[in-house]
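Down below is the structure, laid out as structure tokens.
Just so it is clear: chains get the letters A, B, ... in the order the sequence lines come, proteins before strands, and each one is counted from 1.
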Amino acid sequence: MLSDAIRSELRAIVGEKNCLDRQEALVAYSYDATPMQQALPDVVVMPQTTQEVQKVVQVAARHQIPIVTRGAGSNLCGGTVPVGGGIVLTLHRMNQIVEIDEQNLTITVQPGVRTVDIHQAVEARGLFYPPDPGSMVISTIGGNIALNSGGLRGLKYGTTKDYVLGLEAVLPNGEVIRTGGKLMKDVAGYDLTKLLVGSEGTLAIITEAILKLIPKPTTQRVMLAMYADMEQAARSVSDIIANRIIPGTLEFLDQGTIRVVEDFKQIGLPTDVAAILLIGQDGEAELVDRDMERIAAICQKNQAVQIKVATTPEEAEEVMTARRSALAALSRMRPTTILEDATVPRAQIAPMVAAIQEITNRFGLNICTFGHAGDGNLHPTCMTDARNHEEIERVEHAFEEIFAAAIDLGGTITGEHGVGIVKAPYLEWKVGAAGIEVMKGIKHAFDPHNLLNPGKMFAKESRNRVVVNRA
Amino acid sequence: MLKEALQQKLDYEELANCMRCGFCQPACPTFRETGYEAASPRGRIALMKAVADGVMEPDKDFVDQMNLCLGCRACEPVCPAGVPYGQLIEQTREAIEQEQDHPWYIRMARKTAFTHLFPHQRRLNRLGGLLGFYQRSGLQTAVRKLGVLNILPKQLKEMEAIMPDASSKGLSERMGATVIPAVGESKQRVGMFHGCIMDVLFQETNVNTVRLLAEAGYEVVIAPGQVCCGALHAHSGEREAARSLARKNIEAFQQAKVDLIISNAGGCGALLQEYDHLLHDDPDWHEQAKWFASRVKDVSEVLAPSVEPEAWDELPQRVTYQSSCHLRNGMKVTKEPVSLLQSIPGATYVALREGDRCCGSAGIYNLVQPEMSGNLLNEKMEHVKATQADILVTSNPGCLLQMKAGIKRAGLEDRMEAVHLVDLLARVSNQSEMSSK
Ligand SMILES: Cc1cc2nc3c(=O)[nH]c(=O)nc-3n(C[C@H](O)[C@H](O)[C@H](O)COP(=O)(O)OP(=O)(O)OC[C@H]3O[C@@H](n4cnc5c(N)ncnc54)[C@H](O)[C@@H]3O)c2cc1C
Ligand code: SF4
Ligand code: SF4
């Protein structure tokens, strides 16, 4: 519990109406988009400037109060759930685009700017910020950076980390650091910029970011390819890349997802196919046309049963609808939707999907898979009900096996959603005991008193590695 | 106790269906205004659930937060999980209403309106007569001069200033018949839902609706015995009253043996279309309610495919459209009003930026939440101004009044007018009495 004296210190910094401890506020900042995770903070603080953040951190450091930094609360790893109580520091008031520099092709933003607002601002000037997480209409750039978010364009354009050039951040001791800059080259010391990207609010509070921009591609086209066999879809993906074509989007839906989407939207998808690939290319018009033709030929060669190339924007929209409706359709089936992001090397997609199917059947669950085929980032999505404890237990075991299967195939437990609370027990499976020790050392160097986002990233106990026996 | 009332009324299944993805937030006007999680759909659902789970007391902040919600339902179409937020907020308000104390003027206005006026069309029309007398007798001018209005809250004053001329006759009396034959061969027999306030303050629009429908080939019945739809009751927590009105309307339209039931007010139509849900736990009425709900259409849905714009007058003006929230988010009608406007010869249709965002009128919201409503209206008028339109079209009486107030507030009276879609169509197709002027 926080004393009244501390509360008034905080109020003095940000003002009465930006420091809330009434019940309503505590409940509203007790959750994020992660199923089954909730904990009340002691107070919600809404600063507007780096100086205010700094002062709040100083108060917290003096009194050893945990701080959970929050953007839009759309993460799926329990990242903003204040499990240790304390302060939820929400940055939605720091939402200004500071500058778009057309000479250096950079944009400087405050952390509370929504991802989609960055897109709109730069695209209006013929520029492009490629990272496009599915949640971009709500997510903040601060959250994107802290989780190193990916998106549909990851294969060709990379993820958030590839666009962060410099950061301003408040350290747990109240000092402000500036890393990087409007620089494409910078090897002065350890790369703290990259270290803070994906640090999940456990090392520092990001208060400003300089992002790299590129010219906006002039043309975009999309197509659908449908397969009777998952293998053929996977081979098409490998062949496309082997032919030195890097598509802008390369997404896939498995049969379960296709059926649910068709049931929900009736867009005329054949429900007897095993997989659908959604393939898009962007760039100069002639190159895009040429690539689309070559891709269609490759899909044909791999026995696609049907290929649908969109020729008008309306048709393109229709094609995209299938992928965009996936989550919506799945989440209507049961009250609780658990969206995971196990990721494998591209070439291992077919075995991974097969493993997920086998595990799903064995545990008698309903898990459908869709995701970013181009970069091996899969979203096995479980439809369940949090109130059914017996079933939830089976879900947990199934996901444990799915994580293990991903690692066995050279993959990882999370490709883009982050570790937070929910993956912490499995982190060691991926990085090993030595890896954990180094990471803990880094954490200690930044935050010796464990004030920033405690209870995340490092679990009290690691889960024992499940040994999966796949005959 | 409010807590028990909420626990009993809230549909826990639907609360649990919210997966907290937050996709509803950008659509929510109160969240956009404040950035405050609790003032968002996800936040409000979390608060409701916290109360239902017994982890939170429904204190004053809770009630205030629920009242700050416009009930515009912009959060519904964008929700991947299909959470019926509109139902949840109505359940919440019903519980709050049972326990709530309002300021005197709202209490009095509510009582007068909800129990003594809206359910009784004749009384409403008589009041309309009084209002008409007030407006025509010079009393209005006198009252305005004397500054009597200054004791009213600003919002009421703004509304008083833009009140349209009231009518004391019922619609069928005005039309001289309850059944108006189709022009040419009849396509279908449609029941005209005339609404309560609509029929007093906007009777012209009702008259025009009937004429346009007849002209488009529909036989129109002004079903006798119909009453207020109950929307204002339902949105304000008076669900029982809404249910009893629903039963009366179902009976009236079943007796009239209609194929379709036509509404020209999004706010009414959306609730009419949900009568099956409103009466879902009333075994005697549920089937009839389904019959009724499945037949409700907005006038634009029926007119869009059947009008003949070739015969219309040229309208060399810029028109823009502010959609009614309940027409868009409740009835899911978006294309037809725009396509009707686009088909007017000579007219230039300009899309209104954020024309799909609530104007802040929201039933009686503008009276009880003046600050939020005022902010929304000011933003709205900025976008309206940018269209440089001559005519701002809406599809619901509440929105129309709010838009008129907005035009006045922004000092745009000389440059543009706010008109109901139906009235504009009547004007260009010479179906309106006004068009001869
Ligand atoms: C439907 C849905 C689809 C999604 N799709 C994708 C997807 O395609 N790709 C993807 O990668 N993710 C996706 N996500 C997950 C999530 O939206 C992203 O991780 C997003 O980046 C989170 O941003 P946010 O602003 O909501 O951050 P929050 O959830 O508020 O915070 C996330 C983490 O970042 C920390 N943090 C936030 N701001 C700061 C800051 N300024 N300084 C330091 N730490 C900070 C928090 O402490 C927390 O640990 C999806 C989520 C949903 C619900
Ligand atoms: S969009 Fe729907 S599921 Fe998502 S938070 Fe809002 S109400 Fe809940
Ligand atoms: S009904 Fe409108 S104001 Fe209320 S939560 Fe939904 S979007 Fe927000």
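Of the atoms belonging to A/N95, not a single heavy atom falls under 4.5 Å from chain B. Heavy atoms closer than 4.5 Å to chain B are found in the backbone of A/A72, but not in its side chain. When heavy atoms are compared at a cutoff of 4.5 Å, B/V55 approaches chain A solely by way of its backbone atoms N, CA, C and O. Only the side chain of A/T337 comes within less than 4.5 Å of a heavy atom in chain B; its backbone stays farther off. With a 4.5 Å cut-off on non-hydrogen atoms, B/R44 does not touch chain A at all. Contact annotation for A/S30: neither backbone nor side-chain heavy atoms come within less than 4.5 Å of a heavy atom of chain B. Using a 4.5 Å cut-off between heavy atoms, B/E14 makes no contact with chain A at all. Heavy atoms closer than 4.5 Å to chain A are found in both the backbone and the side chain of B/A16. In this structure, chain A has a heavy atom under 4.5 Å from the backbone of B/C79, while its side chain stays farther away. Interface remark: A/L20 contributes side-chain atoms only to the contact with chain B (heavy atom separation under 4.5 Å).
B/R73 and B/E90 are not joined by a salt bridge, as no carboxylate oxygen comes within less than 4.0 angstrom of a charged side-chain nitrogen. Salt-bridge annotation for B/K60 and A/E24: absent, with no side-chain N of the basic residue lying under 4.0 Å from a carboxylate O of the acidic one.
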Problem set entry | Trace of the side-chain contact (heavy atoms from CB on, under 4.5 Å) decision for B/V63 with B/M66 | CA-CA 5 Å; B/V63 172; B/M66 297 303 146; 5.8 Å; no
Problem set entry | Candidate pair A/K17 and A/R11, rule side-chain contact (heavy atoms from CB on, under 4.5 Å), full reasoning | CA-CA 8 Å; A/K17 63 182 209 309; A/R11 247 177 243 127; over 6 Å; no
For this session: Could you check B/D59 against B/L2 for side-chain contact (heavy atoms from CB on, under 4.5 Å), going step by step and ending with a plain yes or no?
Result: CA-CA 9 Å; B/D59 54 9; B/L2 180 52; over 6 Å; no
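Interface remark: of the candidates A/G73, A/S74, A/P35, A/G73 forms the most heavy-atom pairs closer than 4.5 Å to chain B. Highest contact tally toward chain B, considering only A/M46, A/R334, A/R93, A/R70, is held by A/R70 [criterion: heavy-atom pairs under 4.5 Å]. When B/G43, B/A38, B/A81, B/G82 are compared by the number of non-hydrogen pairs under 4.5 Å with chain A, B/A81 comes out ahead. Heavy-atom pairs under 4.5 Å with chain A were tallied for B/P26, B/A50, B/A39; the largest tally goes to B/P26. For the set A/R114, A/M333, A/Q38, the count of heavy-atom pairs under 4.5 angstrom toward chain B peaks at A/Q38.
The environment of NZ in B/K335 is sparse: at most 12 heavy-atom neighbours from other residues, nucleotides or ligands sit within 6.0 Å.
Within the model, atoms CD of B/E76 and SG of B/C24 stand 10.5 Å from one another, a figure rounded to the nearest 0.5 Å.
In summary, of the residues considered (A/I206, A/T140, A/T69, A/V45), a side chain to side chain contact (heavy atoms under 4.5 Å, CB included) with A/L91 occurs for A/T69 alone.
Although no hydrogens or angles enter the test, the distance criterion places no donor-acceptor pair under 3.5 Å between the side chain of A/N377 and the main chain of A/H372.
Remark: the A/E340 side chain and the A/H379 side chain contain no N/O donor-acceptor pair separated by less than 3.5 Å.
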